[in-house]
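Order of appearance sets the numbers: ligands from 1, and atoms from 1 within every ligand.
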Amino acid sequence: HGMLSTFGIVSVLLLLPAPYAFLYLCFLFSRTTVRQTLRRFVLKCMRTNYSILDRFLELVETQPHKPFVYFKDETFTYREADVLSNKVARAFLQAGCVKEGDTVALFLGNQPMFLWLWLGLVKIGCAGALLNSNIRSKSLLHCLNCSGATTLVAAEELLDAVKEVLPHLHEQQITVFILADRCEITGVESFIDKMNQASSEPIPKELRSHLTMQSPAAYIYTSGTTGLPKAALITHSRVWTMSLLLPSSGVNSKDVIYDTLPLYHSTGLLVFTGAIERGIPVVLRSKFSASQFWDDCRKYNVTVIQYIGEIMRYLCNTPQKLSDKNHKVRLAIGNGIRADVWRDFVRRFGEIQIREFYGATEGNFALLNYSSKMGLLLLNLQMFFPYAVIKYDIDKEEPLRDSSGFCMEVDKGEPGLLVTEITAKAPFIGYVRDLNQTEKKKLHNVFKKGDLYFNTGDLLRIDEDNFMYFHDRVGDTFRWKGENVATAEVADILALADCVKEANVYGVKVPGQEGRAGMAAVTLRDGLKFDSTAVFKHVEDFLPSYARPRFMRIQRSLDITGTFKLIKTKVVEQGFNPNDITDPLYFLNEKEKNYTPLTPDVFDSVISGDIKI
Ligand SMILES: *[C@@H]1O[C@H](CO)[C@@H](O)[C@H](O)[C@H]1NC(C)=O
Ligand SMILES: *[C@@H]1O[C@H](CO)[C@@H](O)[C@H](O)[C@H]1NC(C)=O
Ligand SMILES: *[C@@H]1O[C@H](CO)[C@@H](O)[C@H](O)[C@H]1NC(C)=O
Ligand SMILES: *[C@@H]1O[C@H](CO)[C@@H](O)[C@H](O)[C@H]1NC(C)=O
Ligand SMILES: *[C@@H]1O[C@H](CO)[C@@H](O)[C@H](O)[C@H]1NC(C)=O
């Protein structure tokens with residue numbers, strides 16, 4: 001699998017265990033001063049167990065009054081963040097439910113408290129399991145279970161979601177806190193009052209005496225390719241490698257960075273830990289808003305923004321304004337931007353440098369573009385991190401193999417599956433408590449007998465100049481509105497609706513939209529009709545908005561393989577065009593709060609964009 005050009009190119013391994021990633025970083029930076037600084041840094045981390053928390057505490061000493069977090073109209077300095085996280089740590093200790101080495105599940109959206117909770121936990125040698133605040137019922141229990149957490153802390157506005165599973169939490173003897181001053185519900189304790197009463201004295205280092213670079217710092221959930229979310233372990237060394245994305249993208253100590261992505265995803269979290277590494281302020285938003293974006297950048301003097309492809313597209317779709325170029329943003333760091341959006345963005349909002357990176361939370365590989373060509377991803381030092389883009393059989397959902405059973409690389413320009421070799425230097429840690437899922441991400445005998453690769457689940461394309469472009473995700477996950485939707489999870493939930501017997505969930509392309517819109521082919525229980533209002537209500541109650549199927553197709557029976565696996569290829573190809581499909585079709589109608597029949601007229605309006613889905 002040919003050598004790619006390395007001229008002018010740097011790739012950063014964000015996710016390797018500390019020593020290797022650091023050494024590669026050292027190697028990659030050609031400027032010797034940077035290289036030496038990084039090498040010294042690596043050695044310091046390894047020898048002294050120097051964690052992101054130690055870096056934070058240094059900043060509390062050296063720049064106590066510098067702003068650390070801006071949120072709405074509040075500003076928290078480094079000193080204030082330290083005090084608040086000390087109080088969190090002491091509240092946990094005094095409640096007596098948490099000791100060094102434990103995991104505490106955090107169930108809340110973006111707000112400063114998220115950061116104080118996590119820092120507080122690290123101060124007492126604990127890890128946070130960062131639950132997606134959109135998950136409910138079965139998924140919530142599953143995620144809690146696979147983190148091994150014995151304590152759950154939830155936002156006040158998520159009390160209903162907690163109440164729904166409370167009997168199960170009690171059964172498993174999980175201590176439940178709610179972020180409120182008081183709480184009347186038996187078995188749920190308030191946290192804020194305990195925190196307010198706790199002392200703000202610094203937490204002695206003895207309380208985290210076992211913390212090393214290999215200790216868990218967080219569990220981050222990924223939907224991977226099938227089934228329920230899986231927990232990826234983020235060790236302290238991985239926190240460092242994630243955080244080093246900012247310095248390696250050129251962020252400096254005078255910058256101000258804007259974080260609109262969920263902190264429970266690695267992309268959102270790394271902005272915050274990266275800000276600590278740089279000692280700079282983070283502007284935190286509870287939710288991304290295209291209309292507020294540039295106003296926020298102006299208000300807080302933001303110089304660095306973070307994006308995913310959808311964010312850039314939403315920004316480009318807002319009405320033009322005279323003030324479009326009036327801001328101090330100089331750098332954008334993120335992933336998934338399309339080349340046409342990239343051009344629009346720069347034309348409209350001015351000369352903002354774009355650093356595109358690629359990496360899966362659980363992967364053993366990551367890339368960052370460092371060239372001057374309009375393209376997404378650029379490679380690479382293949383001799384150090386072997387990877388290949390191989391031919392993939394979408395029907396069978398597995399790599400195509402030649403007559404001797406080995407995989408084949410795609411031709412230039414053709415999409416294929418990205419696989420990265422698993423070696424001692426680029427290991428794949430796998431998922432917590434889920435050996436089966438871990439095994440599924442591994443590919444054996446790819447180019448020779450006995451070799452082992454990590455299946456990224458991503459289809460990519462490499463052009464003549466060795467630029468990589470993201471193409472699609474394969475298999476059972478699709479992306480919609482910037483979130484991964486695990487089809488099996490949606491199908492499980494649909495099958496709990498009264499009239500639904502079985503469901504086959506997949507994503508369909510809609511012109512003008514990124515990713516795929518969710519669609520479900522369902523069969524009905526004997527003698528029951530499709531109750532469009534009840535199914536809508538069920539879907540609304542149990543699924544986050546992005547995971548709700550936009551289209552529904554009623555079938556007599558579902559297509560299955562010889563091994564009883566649902567066949568998606570055919571239904572995916574047929575899409576949602578009522579002119580081609582004789583089965584009854586419906587679309588999710590948010591206004592009417594039901595599933596409304598999808599007529600040829602409605603179909604035309606969806607295609608033309610008159611009906612927004
Ligand atoms: C780092 O952690 C390891 C394991 O707990 C310990 O043996 C070692 O003494 C620590 N080093 C320092 C400098 O604290
Ligand atoms: C939690 O996991 C254990 C095994 O690890 C299993 O026996 C138990 O049923 C699980 N509970 C839930 C609610 O998933
Ligand atoms: C942004 O910069 C302006 C001018 O330099 C300054 O007056 C203002 O206080 C700054 N705002 C913040 C939030 O730092
Ligand atoms: C990455 O590619 C974009 C698109 O051409 C370019 O604007 C940007 O400067 C590149 N990044 C670096 C570090 O050169
Ligand atoms: C793992 O897979 C095997 C075979 O497919 C199955 O029998 C077993 O129950 C699975 N284990 C778990 C924990 O899911």
- Among protein heavy atoms, which sits nearest to atom 5 (O) of ligand 3, and what does the distance come to when rounded to 0.1 Å?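 Nearest protein contact, heavy atoms only, for atom 5 (O) of ligand 3 is Lys328 NZ, 4.3 Å.
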- Quick one: nearest non-hydrogen protein atom to atom 6 (C) of ligand 3, plus distance? Asn301 ND2, 4.1 Å
- Message: I'd like to check atom 14 (O) of ligand 3 in this structure: does the protein have a heavy atom lying under 4.0 Å from it?
- Response: yes
- Item | Within-cutoff protein neighbour (heavy atom, under 4.0 Å) for atom 11 (N) of ligand 3 | yes
- Any N or O of Tyr300 closer than 3.5 Å to N or O of ligand 3: no
- Message: Give the atom numbers and elements of ligand 3 that come within less than 4.0 Å of a heavy atom of Lys299.
- Response: 11 (N), 13 (C)
- Quick one: side chain to side chain donor-acceptor pair (under 3.5 Å) partners of Lys66, sequence neighbours excluded? none
- Looking at Tyr258 versus Phe293, is the centre-to-centre ring distance below 6.0 Å?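 Tyr258 vs Phe293: aromatic centres under 6.0 Å.
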- Message: Under 3.5 Å, is there a donor on one side chain and an acceptor on the other for Ser199 and Lys87?
- Response: no
- Is it the case that more than 12 heavy atoms not belonging to Lys299 sit under 6.0 Å from its NZ atom?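 It does: Lys299 NZ has more than 12 such atoms within range.
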Give every donor-acceptor pair under 3.5 Å between a side-chain atom in residues 177-184 and any protein atom, sequence neighbours left out.
from   : atom 1 : to     : atom 2 : distance (Å)
Arg182 : NH2    : Glu184 : OE2    : 2.8

